[in-house]
Amino acid sequence: MIITIDGPAAAGKGTLASNLSKKYGYAYFDTGMVYRAVGLEMHLQNKDMTDEDSALKIAQNLTFEHMHELAKNPDFRSALGGKNASIVSAYPAVRAALLKMQQDFALHPVFADGTPAKGVVYDGRDTGTVVCPQAEVKFFITASPEVRAERRYKEFLQKGIKTSYEEVLADVKARDERDSNRATAPMKPAADAVIFDTSSLTIQEVTNKACEVIDAKKK
Ligand code: DC
């Protein structure tokens with residue numbers, strides 16, 4: 001089974017995807033990682049984020065191994081990492097170069113240790129619309145920008161990253177704007193996606209609702 005979870009930054013996609021992959025024993029592909037990897041590699045090579053040709057070259061040569069190596073860098077998950085990922089992800093050629101890598105994962109999904117899995121949970125912005133339009137179950141998870149900024153701000157504080165709530169809120173809004181309005185594969189719910197607004201739900205409540213949808217589909 002293929003399950004996709006799309007939605008804006010800090011809506012709770014990652015936690016839901018991880019809960020579902022554990023419950024059903026499915027592999028998990030956080031597709032934001034491919035764009036974060038390209039953005040970080042650009043940064044490490046001192047490239048300007050507007051340099052589309054360099055971003056394309058990096059995307060064309062990206063492997064899973066290199067992506068996981070880059071994920072160890074503190075800037076991979078930082079606010080700057082998210083911003084840079086969002087900028088390079090708006091380039092159509094970069095998206096095209098990274099599409100097959102994401103789609104192929106569903107053909108042979110594997111856990112982190114290489115063991116084969118019987119299904120996969122994707123999370124991202126276009127996984128239900130572009131990466132896996134054939135997915136059996138699709139979710140679109142959202143929440144108000146203020147609630148998402150508050151969650152992300154608390155995460156940063158826990159990690160010891162210095163920032164302010166206002167800065168995080170501005171970043172969340174700027175990313176929403178960029179991710180929703182780009183020409184190629186903009187963030188939007190698939191026509192057949194189940195939409196959850198998690199503003200006033202706990203992650204357990206969201207997980208329970210999602211499991212109901214999946215269990216009904218499996219029957
Ligand atoms: O989910 P994330 O915060 O790690 O994603 C970082 C950026 O990558 C996001 O702002 C937009 C881009 N992205 C995308 O365009 N398509 C995806 N499927 C996943 C992420």
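Atoms considered below: every heavy atom in the structure, side chains included; atoms not considered: hydrogens, waters and symmetry mates. Each ligand, and each atom within it, is numbered from 1 in the order the structure gives. Computed from a prediction, not measured in an experiment: that's the story for all the values here.
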Candidates K13, Q102, R125; heavy atom nearest atom 1 (O) of ligand 1 found on R125
Nearest protein heavy atom to [atom], by residue and atom, and its distance?
atom: atom 6 (C) of ligand 1; result: R175 NH1, 3.4 Å
atom: atom 4 (O) of ligand 1; result: R36 NE, 2.6 Å
atom: atom 16 (N) of ligand 1; result: R95 NH2, 3.1 Å
atom: atom 8 (O) of ligand 1; result: Y35 CB, 3.6 Å
atom: atom 20 (C) of ligand 1; result: G32 CA, 3.5 Å
atom: atom 19 (C) of ligand 1; result: T31 OG1, 3.5 Å

Here the atoms of ligand 1 under 4.0 Å from any heavy atom belonging to A85 are 6 (C), 7 (C), 8 (O)
Could you tell me, atom by atom, which parts of ligand 1 come under 4.0 Å of a heavy atom of S86?
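With S86 as reference, the close atoms of ligand 1 come out as 7 (C), 10 (O).
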Taking distance alone, with N or O pairs closer than 3.5 Å, would you say R152 contacts ligand 1?
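Checking ligand 1 against R152, no N or O pair falls under 3.5 Å apart.
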In a check of side-chain contact (heavy atoms from CB on, under 4.5 Å) between V172 and each of R148, E150, R151, which one passes?
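Considering R148, E150, R151, a side-chain contact (heavy atoms from CB on, under 4.5 Å) with V172 is found only for R148.
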Taking all non-hydrogen atoms of both residues, which atom of A59 and which atom of L98 are closest, and how far apart?
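In this case the closest contact between A59 and L98 is O-CD2, 3.7 Å.
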Heavy-atom distances under 4.0 Å are what count here, so tell me which part of D179 touches ligand 1: side chain, backbone, both or neither.
side chain
If you measure from each non-hydrogen atom of S89 to ligand 1, which part falls under 4.0 Å: side chain, backbone, both or neither?
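It is the side chain that gets close, since no backbone atom is under 4.0 Å.
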Taking the six-membered ring for Trp, are the ring centroids of Y26 and Y122 within less than 6.0 Å of each other?
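No, they do not, as the ring centres are separated by 6.0 Å or more.
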Ring-ring centroid check F196 F140, cutoff 6.0 Å:
no
For the pair T207 (side chain) and L16 (backbone), establish whether a donor and an acceptor sit closer than 3.5 Å, ignoring hydrogens and angles.
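Absent.
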Return the OG to OH distance between S164 and Y153, rounded to the nearest 0.5 Å.
7.0 Å
Going by distance alone, is a donor N or O of one side chain under 3.5 Å from an acceptor N or O of the other, for Y91 and D51?
no
Tell me whether ligand 1 is touched by R182 - counting only heavy atoms on the residue side and a distance under 4.0 Å.
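Contact present.
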With D179 as reference, evaluate R125, R95, K188 under the salt bridge (Lys or Arg N to Asp or Glu O under 4.0 Å) test and give the passing residue.
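With D179 as partner, salt bridge (Lys or Arg N to Asp or Glu O under 4.0 Å) holds for just one option, R125.
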